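Report on one structure; see the data block that follows.
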Amino acid sequence: MGDVKVATHATSNLPYYLNKKFLETVIQDVVLPKYGDKSDLPLEEGTDTIRFHKRAAASAGSFKKLAEGQTNLEYTNTTLTPVDVKLDEYYDAARVSRRQKQLSIFRAMDKENDRMIEAATLFADKMVRDELVGNVDTNNKFYAQNGANFAALSTYSAGRAIVADIDRIATQLKDTRAPKFSDGNYVGVISPRQGRDFRKDPDWKQLVTYSEPMRMTKGYVGTLFGVNIVEATQPFKQSAAEGTYDDAGTIHTGLFFGKGAFGVADLEGQGTPKAPQVNVLDKADKSDPANAWIIAVHMLWFATKTLDATWVSTLCTQTNVNA
């Protein structure tokens, strides 16, 4: 977990409480970043990049027959391709008036901190979501009910998600030899509407199983065809144009991937100046000589990167909340 950072003007216990709650809750509630390869945040103040390492593809040809008494072995030279990604700093700033009457200052700031925590988790998930949707391999784009393209999703009946869609995607990930996670499965992150459509399919109850390591994962709804299905509340939505986000769009994109498909900055870094932090200012200074406000600023350094686009698949489906 990141270090607690306190602004010089903050003297109460409020900064420690808000910081601890912020770090613990964000790390617990993010969905997509949990499944990425982690890269430590830099320890040096002036460094603003992180490095991921992509391993070489496995090949059966790396194993050779060993003759009796053979000592001159053929070696596979270890190849790790470095991928450097620039970190950017993000913030969410809020202030609470000392004159507000509805709640105590502490409780008011605590509620505002809850909002900022939710915003931070949504932000981190959005960053990973947009990176993966924007870089998926063309051969790994799938459309509901074996649709040929995005245009096939024009109606709900022809474009809603069915269980067979997961089977097709799992097959593609296996074909590309995408590595599996520690429980031997892939991960699929879908919208609640897509989840509802999957559960309406009669095949769901017949085929769904439950992965014991995943049972305590937030949003986990079941495992099919070797894919752990997790619901998240911020899907990539589209309307008329494929690949263009529309918050009112009814065509949702689910993300399916193997281990090592993408990398993320590790938000649990310790001893780094770029660890997530909350700065709280609750004393008078030049910008607020009357000490009228308590100000909280959430600071977050973050970056994400697709490491192997063939280990990611997308599923676009038409949704209808009233169907």
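In this text, all values refer to a predicted model and were calculated from it rather than measured experimentally.
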Candidate pair T49 and D84, rule side chain to side chain donor-acceptor pair (under 3.5 Å), full reasoning: CA-CA 7 Å; T49 60; D84 291 330; 5.6 Å; no
Heavy-atom side-chain contact between L173 and F256 under 4.5 Å: yes
Non-hydrogen atoms of V85 and T304 that approach each other most closely: CG1-O, 4.2 Å
Main-chain N/O of Q234 paired with R129 side-chain donor or acceptor, under 3.5 Å: yes
Donor on one side chain, acceptor on other, E131 and T306, under 3.5 Å: yes
Ring pair (Phe, Tyr, Trp, His ring centres under 6.0 Å) partners of F302, counting only residues at least two apart: none
Given R177, K54, K259, the one that forms salt bridge (Lys or Arg N to Asp or Glu O under 4.0 Å) with D308: K54
Heavy-atom side-chain contact between R55 and P179 under 4.5 Å: yes
K205 atom NZ, over 12 foreign heavy atoms within 6.0 Å: no
Members sharing L122's hydrophobic cluster (side chains within less than 4.5 Å): none
In one Ile/Leu/Val/Met/Phe/Trp/Tyr side-chain cluster, 4.5 Å: Y220, L207: yes
Test item: K200 side-chain N/O and G195 main-chain N/O as donor-acceptor pair under 3.5 Å: no
Derivation and outcome, side chain to side chain donor-acceptor pair (under 3.5 Å), residues Q318 and T250: CA-CA 6 Å; Q318 182 63 262; T250 58; 2.5 Å; yes
Distance-only side-chain donor-acceptor flag, D137 / T310, under 3.5 Å: no
Audit row: E74, K65, salt bridge (Lys or Arg N to Asp or Glu O under 4.0 Å) steps and yes/no: CA-CA 11 Å; E74 295 180 42; K65 184 177 180 179; over 6 Å; no
Under the side chain to side chain contact (heavy atoms under 4.5 Å, CB included) test, residues paired with A164 that sit two or more places apart: I162
Distance in Å, S191 OG paired with E231 CD, rounded so as to fall on 0.5 Å steps: 7.5 Å
Side chain D114, main chain I117, donor-acceptor under 3.5 Å: no
Nearest heavy atoms of P42 and L87, plus distance in Å: CD-CD1, 3.5 Å
Shared hydrophobic cluster for W311 and L32 (ILVMFWY, side-chain gaps under 4.5 Å): no
Side chain to side chain contact (heavy atoms under 4.5 Å, CB included) partners of S239, counting only residues at least two apart: D246
Donor-acceptor under 3.5 Å (N228 side chain, T223 main chain): no
Stacked cation flag K305 on F52, 6.0 angstrom / 45 deg: no
ILVMFWY network linking V187 to V312, side-chain heavy atoms under 4.5 angstrom: yes
Intermediate values then yes/no, salt bridge (Lys or Arg N to Asp or Glu O under 4.0 Å), R168 and D165: CA-CA 5 Å; R168 290 164 53 221; D165 295 327; 3.0 Å; yes
CA sep, side-chain torsions, deciding dist, call: F257, F262, ring-ring contact (aromatic ring centres under 6.0 Å, His included): CA-CA 9 Å; F257 45 83; F262 63 95; 5.3 Å; yes
same_hphob_cluster(V83, W301) at 4.5 Å side-chain heavy-atom cutoff: yes
4.5 Å side-chain heavy-atom contact, T253 and Q238: yes
Residues in side chain to side chain donor-acceptor pair (under 3.5 Å) contact with K38, at least two apart in sequence or another chain: none
Connected-component partners of F150 among ILVMFWY, side-chain separation under 4.5 Å: Y143, L153, I251
Donor-acceptor contact below 3.5 Å, side chain Q145 vs main chain T317: no
N/O donor-acceptor pair under 3.5 Å between Y186 side chain and I169 backbone: no
Residues that, via side-chain heavy atoms closer than 4.5 angstrom, fall in one hydrophobic cluster with L73: L66, Y75
Pairing of D110 and R107 as salt bridge, 4.0 angstrom limit: no
Heavy-atom side-chain proximity of K86 to D88 below 4.5 angstrom: yes
Working for salt bridge (Lys or Arg N to Asp or Glu O under 4.0 Å), residues D197 and R160: CA-CA 7 Å; D197 287 335; R160 68 176 178 83; 5.7 Å; no
R193: partners by side chain to side chain donor-acceptor pair (under 3.5 Å), with sequence neighbours left out: T319
Contacts of F198 that satisfy ring pair (Phe, Tyr, Trp, His ring centres under 6.0 Å) - sequence neighbours left out: none
Atom pair CG (N279) and NE2 (H298), whose distance is rounded to the nearest 0.5 Å: 9.5 Å
Side chain to side chain contact (heavy atoms under 4.5 Å, CB included) partners for D288, two or more places apart: D285, N291, A292, W293
Those residues that, when tested against D48, pass side chain to side chain donor-acceptor pair (under 3.5 Å) (two or more places apart): none
Check ion pair R115-E118 (N to O, under 4.0 angstrom): no
Cluster overlap Y156 with W204, hydrophobic side-chain contacts below 4.5 Å: no
Partner set under side chain to side chain donor-acceptor pair (under 3.5 Å) for K174, not counting sequence neighbours: none
From CG (L300) to CG (L267), nearest 0.5 Å: 5.5 Å
